[in-house]
Structure formats: C-alpha cells, structure tokens
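One structure is given here, and the rest of the page talks about it.
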Amino acid sequence: MTDDEFATVERPRPRWNGPPLLLSSGGARVLVAGTGTHRPESPLPAVPAVPATVADVGRCLVERGGLAPAHLTVRLDPATPADLGQALDRLAQEATSVLMFYYVGHGLIGPDSELHLATRATVDLGRGAPGYQALPYGVVRQILSASRAELVVVVLDCCFAGRAHGASSQAVERVFDSMWQGAYLITSSSRDENSWALPGVRHTAFSGALLRLLNAGDPAGPSVFTLDHVYHSLARRLPDAGFPRPRP
C-alpha cells in the first residue's frame, strides 16, 4: 500500500443543507488528544503519525461534522495525566448535548490491572503510581459519566499494550463492558490485537480510514452517517486492507 492510499482525500466540500448534524449543537464539546512522543527514558516507541492524525481529525469534525471551532479542544502530547484529565473534565462540565473524547496513542495495562492512556510523562507503569504517568481509564469513565451530555462518544485509537506480557484481559474487558446508556465506544482493535501506524504514513490506520470515510463518503451508504454506519463501514474496510477490525 502506498502513502497515497492512506492520505485524506481533499476535495471541495459543499455546504450541508440537510438536517442538523450531531456535532452542530451548541451543547456539543469534543476533545481530540494524542500522545506521539514520551520522555527520553521511556521505552515506548514514538508514533510520528499522531500530530497529523490529531490535527486532521479535529479539522474533519469541524468541516464535515458541523462542530463549531470554539467547541473543539486539541491536546497534543499532554505533559501529564492531570493535563489530559483536566481538559476532559472541563468539556464534560460544559457539554449538554454531545461529548466526544477521541484519543490516539498507546494504551497500557498497569500493574493495577487497569487500562491507562499514555501521556508524555509515561515511562514505566511498573515503577511508582501508574496514575502519575498515564491517565487511568477509570478516571476517564468517571468524568464522562458525570457529564450532563445526552450522548457520550469515546474513540480509542490505540492498542492495548501489556496483554503480550501476561496482563489480565479483565482490564480491557472492563472498558468494553462499562459503557452506559447514552454512551458509545469504538476502539481501533480488540483486546488481543495491535493497532497500526505505518512508517511514513500521515495517519494511523484506523483514523486514516475514518478520515477517508468522512471526507469522501460511502457510495453505498447514506448521505449522513450514524455512529453505527461509521462503525460497520470501518469494520468492513479495515480488515479488507489487512488491519484489525475495530470493536464497538
């Protein structure tokens, strides 16, 4: 596969005159966050595709999803878990209609058997308190579930590193099974699979496929995508390209 096959399709975007889009509400808030680099002593590999992926996902949600630019928050390489958690908490308190959290980076299973989302501070979750290095997903869930938003959407474009080292699968299963009514979760892979970011390619595999879908559309699909349609389209396209099937 070539870089061109993974590049976001750029084309004129006609003004949308149909029904209101999901993110166009004044009560919608979105946080797009990603960690592609870590402290020098961290053994985690850098993910060069993260900066462009984060920027392009945010721009696509504005241009194609109807989100007001003022309602989008972007955090690239948050310095600490507190930085990421505070940004999410602020938006969760503001949102009344839709709250979306989109994360790109490494997902890690700590010695406490909980999923953590890596930040720039992540070095070794086995040394010291994991929550000082990476954001525990339990904190993410607590913040999101306390929001007044009518709909909560979580997108995790990360693999669940740590499974290969014997970590309990229960940590990841809790993420999949802990969603509540009015919440929707999509992950880029299942608990036993790695997510992909190919060298020299602008976007991660999952987010690149999502961007192409939102920008170019689906000839076999509706003019306006539901969350279910987005998932089913990606679940068909990604395995056909040799990548993991996302999980809802």
Side-chain angles (χ1 to χ4, degrees), residues 20-35 50 53-55 57-62 64-108 110 112 114-122 129-158 160 171-172 174-188 206-207 210 226-228 230-231 247-248:
L21 299 174
L22 186 69
L23 295 177
S24 64
S25 164
R29 297 292 186 274
V30 175
L31 172 61
V32 181
T35 301
V50 165
T53 298
V54 167
V57 166
R59 181 165 55 248
C60 184
L61 294 177
V62 169
R64 304 296 283 172
L67 180 70
H71 296 164
L72 170 68
T73 297
V74 174
R75 288 289 184 272
L76 178 62
D77 291 336
T80 67
D83 292 339
L84 181 56
Q86 288 168 1
L88 183 60
D89 186 56
R90 177 176 60 81
L91 297 186
Q93 294 182 46
E94 296 176 0
T96 56
S97 58
V98 182
L99 174 61
M100 174 182 281
F101 176 46
Y102 196 115
Y103 174 82
V104 188
H106 289 290
L108 305 168
D112 52 358
E114 183 173 6
L115 174 67
H116 294 69
L117 305 181
T119 67
R120 188 171 179 83
T122 305
Y132 284 99
Q133 299 185 47
L135 184 64
Y137 189 80
V139 173
V140 172
R141 187 186 188 283
Q142 182 179 10
I143 292 172
L144 297 178
S145 62
S147 174
R148 295 175 297 156
E150 298 173 356
L151 173 65
V152 173
V153 181
V154 181
V155 182
L156 299 180
D157 185 359
C158 61
F160 302 106
V172 177
R174 282 199 297 269
V175 173
F176 292 131
D177 297 337
S178 65
M179 302 308 285
W180 58 99
Q181 186 175 6
Y184 195 98
L185 169 69
I186 300 178
T187 66
S188 58
F206 172 84
S207 292
L210 175 61
T226 65
L227 291 171
D228 283 340
V230 168
Y231 164 71
R247 176 165 175 174

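Remember, predicted model here, so these are calculated numbers, not experimental data.
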> Is any side-chain heavy atom of Val30 closer than 4.5 Å to a side-chain heavy atom of Thr73?
Replying inline: no
> Going from OH on Tyr231 to OG1 on Thr187, what distance comes out if it is rounded to the nearest 0.5 angstrom?
Replying inline: 8.5 Å
> What's the verdict on side-chain contact (heavy atoms from CB on, under 4.5 Å) for Val62 and Leu72, showing C-alpha distance, side-chain angles and the deciding distance?
Replying inline: CA-CA 8 Å; Val62 169; Leu72 170 68; 4.0 Å; yes
> Going through the distances and angles, do Ser147 and Arg29 end up as a side chain to side chain donor-acceptor pair (under 3.5 Å)?
Replying inline: CA-CA 11 Å; Ser147 174; Arg29 297 292 186 274; over 6 Å; no
> Which pair of heavy atoms, one from Leu117 and one from Ala134, lies closest together, and at what distance?
Replying inline: O-CB, 3.2 Å
> So, Gln133 side chain and Ala118 main chain: donor-acceptor pair closer than 3.5 Å or not?
Replying inline: no
>> Using the side chain to side chain contact (heavy atoms under 4.5 Å, CB included) criterion, which residues pair with Val155? Sequence neighbours excluded.
In response: Tyr102, Val153, Phe206
>> Please find the pair of heavy atoms, one from Gly85 and one from Ile143, that lie closest to each other, and give the distance.
In response: O-CD1, 3.6 Å
> Which is it for Thr119 and Asp83 under the side-chain contact (heavy atoms from CB on, under 4.5 Å) test, yes or no, and what are the steps along the way?
Replying inline: CA-CA 9 Å; Thr119 67; Asp83 292 339; over 6 Å; no
> Between atom OH of Tyr103 and atom CG of Asp157, what is the distance when rounded to the nearest 0.5 Å?
Replying inline: 10.0 Å
>> What verdict does the side-chain contact (heavy atoms from CB on, under 4.5 Å) test give for Val154 and Ile186, after you've listed the backbone C-alpha separation in whole Å, the side-chain angles of each residue and the deciding distance to 0.1 Å?
In response: CA-CA 6 Å; Val154 181; Ile186 300 178; over 6 Å; no
> What pair of heavy atoms forms the shortest contact from Leu227 to Leu151, and how long is it?
Replying inline: CD1-CD2, 4.2 Å
> If you round to the nearest 0.5 Å, how far is SG of Cys158 from CG of Leu115?
Replying inline: 6.0 Å
>> Tell me the closest heavy-atom pair linking Val50 and Gly34, and the distance in Å.
In response: CG1-C, 3.7 Å
> How close do Pro136 and Glu114 get, heavy atom to heavy atom, and via which atoms?
Replying inline: CB-OE2, 3.6 Å
>> Working to the nearest 0.5 angstrom, can you tell me the gap between Leu84 CG and Asp77 CG?
In response: 11.0 Å
> Are Leu88 and Phe101 close enough, and set up right, to give a side-chain contact (heavy atoms from CB on, under 4.5 Å), and what steps lead you there?
Replying inline: CA-CA 8 Å; Leu88 183 60; Phe101 176 46; 4.0 Å; yes
> Distance from Leu135 atom CG to Leu108 atom CG, nearest 0.5 Å?
Replying inline: 11.5 Å
> When rounded to the nearest 0.5 angstrom, what is the spacing between CD in Glu150 and OG1 in Thr96?
Replying inline: 7.0 Å
> Do you know which two heavy atoms are closest between Arg75 and Arg90, and how far apart they sit?
Replying inline: NH2-NH2, 4.4 Å
> Under the side chain to side chain contact (heavy atoms under 4.5 Å, CB included) test, which residues partner Ser25, sequence neighbours left out?
Replying inline: Ser97
